[in-house]
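Please read the structure below before turning to the comments.
Residue numbers run from 1 in the order of the sequence given. The figures that follow rest on heavy atoms only: side chains count, while hydrogens, waters and symmetry mates do not. Worth saying up front: this structure is predicted, and the values here are computed from it rather than measured.
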Amino acid sequence: MSSLLSLARRIIAINSTAPAGTLFLARFVGGELRRLGFSVTLEKRRIGGINQANLIARIGPAGKKALLINTHLDTVVTDPRRWTKTGGNPFRAVVSGVFLYGLGTADTKAALAAQIAALEGLDLKKLRRSLCLTGTFGEETGMAGVRKLIGSRRLSRIRYALNTEPTELQPVVGNYGFRVYRVEIEGIGEKMRGEGKSHEVYFKGKAAHSAKPWLGRNAIVDCLKWIKRMEDKVTVVEMEGGLEANIVAPFCRVKVVRVPPLPCPSPSRGEGIREGVMRGDFAGVAECLLKFLSRSGKEGQTHNIGAIRFKDSRLTVKIDHRFPAGKNPDLRLKYLKE
């Protein structure tokens, strides 16, 4: 257990968020697997100036019934200030009670450590079929690594595949579809409504994975509801909230001008006010986004506004949509276009 924990800490310490890339983590894990006798290949790719890599490691006799175990190497981005258990450093793994805290622990760096630790306890010379371990990039941002991996000749003769994702320790056959929408609108807030000083209003939520948005609280949604309630009293001049499309937004900040007066929001919901000077307006946008979220949310579908930015009359929104196998996501796209 001590060696497993030590390995998990070393893996968690390597930054493999989208802005950092997966190359360094792929090299580290590849080195551990080479030590066990695996043949290791890195499929490198540079995307947007970031070094990414898929890891492909194989051992055992060649055959047509190989087993593939796949794990993604990347993690979501995060706000270090919210990692109170690790002293503000999400890459510093900390044990507290029976829990291990650190970015990617459950999704899915501890899985990597567990696989390596399990393999160390096996006599790999006695394998009856080929074993292939893969680590992919881009799982958290659109599956680019998996798409590249599927086309790889190095994955020939794979018969069985196991994907290590957090599923509450229950085996799951199949997976959900995943689509990200990026909406950009120009020319909002051209007309000034309201006078005098502006105010910044802060909304505090709770981060969670967008596949299970009910485990968190979306600060962007709370903010949009507040804007809708206040549409006759304030003009929105600037807005910033959330991290990425697939994370329930843990914070949101909106700057507004009074038309007049601005009531103070409830302190119990983590909101506060700070003064400044700016301008703008978008009362109808909040209503449209809230309507979109309320449509077609049945049959296991989930949707999440993960990030929003509004400044200088330009609005950008990132929305995550997940849907069960066999369900057509284009109906959601139709609602969004409307």
Side-chain angles (χ1 to χ4, degrees), residues 76-84 88 181-210 213-294 303-320:
V76 296
V77 295
T78 190
D79 182 354
R81 294 171 297 180
R82 300 183 180 277
W83 286 82
T84 55
Y181 301 105
R182 180 183 174 94
V183 182
E184 294 186 357
I185 307 174
E186 296 275 7
I188 298 177
E190 294 286 345
K191 296 181 180 180
M192 181 67 175
R193 187 167 66 91
E195 299 177 354
K197 291 184 178 180
S198 68
H199 297 264
E200 288 188 354
V201 185
Y202 296 86
F203 294 80
K204 182 179 179 181
K206 179 183 178 183
H209 200 288
S210 62
W214 55 87
L215 296 179
R217 182 184 179 102
N218 196 312
I220 294 175
V221 172
D222 285 347
C223 183
L224 292 174
K225 290 179 178 178
W226 182 80
I227 291 170
K228 182 67 176 65
R229 286 200 314 270
M230 302 293 294
E231 60 183 323
D232 295 329
K233 299 180 177 66
V234 300
T235 293
V236 176
V237 295
E238 192 175 302
M239 187 174 178
E240 179 182 13
L243 298 166
E244 282 293 340
N246 59 341
I247 304 173
V248 175
F251 69 91
C252 190
R253 173 187 67 85
V254 62
K255 186 175 287 187
V256 296
V257 174
R258 292 181 292 182
V259 189
L262 174 69
C264 182
S266 169
S268 64
R269 292 175 57 184
E271 303 158 7
I273 289 182
R274 198 168 63 194
E275 290 191 342
V277 181
M278 270 277 186
R279 59 175 223 146
D281 182 27
F282 80 51
V285 172
E287 183 177 3
C288 290
L289 288 173
L290 291 171
K291 277 186 177 180
F292 171 75
L293 291 181
S294 68
H303 41 258
N304 172 64
I305 297 182
I308 191 167
R309 302 288 184 273
F310 173 58
K311 190 173 183 179
D312 299 329
S313 77
R314 179 185 181 89
L315 172 70
T316 303
V317 185
K318 291 183 180 180
I319 301 173
D320 171 300

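- When all heavy atoms are compared, the tightest approach of Lys204 to Arg217 is O-CD, 4.4 Å.
- A 4.5 Å side-chain heavy-atom check between Asn246 and Glu244 finds at least one atom pair inside the cut-off.
- No side-chain heavy atom of Lys206 sits under 4.5 Å from any side-chain heavy atom of Val248.
- Side-chain contact between Val317 and Ile220 is absent, with no heavy-atom pair separated by less than 4.5 Å.
- A search for salt bridge (charged side-chain N to carboxylate O under 4.0 Å, His left out) contacts involving Arg309 returns Glu240, not counting sequence neighbours.
- Considering NE2 of His209 and CG of Leu215, their distance stands at 11.0 Å, rounded to 0.5 Å.
- Summarising the geometry of Leu224 relative to Ala286, their closest heavy-atom pair is O-CB, 3.5 Å, with the distance given to 0.1 Å.
- Considering every non-hydrogen atom in both Ile247 and Ser210, the closest pair reads N-CB, 4.3 Å.
- Distance check, rounded to the nearest 0.5 Å: CD1 of Ile185 to CZ of Arg314 gives 10.5 Å.
- Put simply, the side chain of Met239 reaches to within 4.5 Å of the side chain of Ile227, judged on heavy atoms.
- Legend: residues meeting side chain to side chain contact (heavy atoms under 4.5 Å, CB included) with Tyr181, ordered by chain and number and at least two apart, are Arg179, Ile319, His321, Arg332, Leu333, Leu336.
- The minimum heavy-atom distance linking Phe310 with Val236 is given by the pair CE2-O, 3.7 Å.
- Separating the NZ atom in Lys255 from the NZ atom in Lys311 is a distance of 7.5 Å, to the nearest 0.5 Å.
- What you find for Ala219 and Phe203 is that their closest heavy atoms are CB-O, 3.5 Å.
- By the 4.5 Å heavy-atom criterion applied to side chains, Val76 and Leu243 are not counted as neighbours.
- In this structure the side chain of Ile308 reaches within 4.5 angstrom of the side chain of Leu315, judged on heavy atoms.
- Arg82 meets the side chain to side chain donor-acceptor pair (under 3.5 Å) test with no other residue; sequence neighbours excluded.
- Closest heavy-atom contact between Gly216 and Ala208: N-CB, 3.5 Å.
- Under the rule for a side chain to side chain contact (heavy atoms under 4.5 Å, CB included), the partners of Arg81 that lie at least two apart in sequence or sit in another chain are Asp79.
- Listed by chain and residue number, nothing satisfies the salt bridge (charged side-chain N to carboxylate O under 4.0 Å, His left out) test with Lys225 (two or more places apart in sequence, or in another chain).
- Asn218 pairs by the side chain to side chain donor-acceptor pair (under 3.5 Å) definition with Asn304, not counting sequence neighbours.
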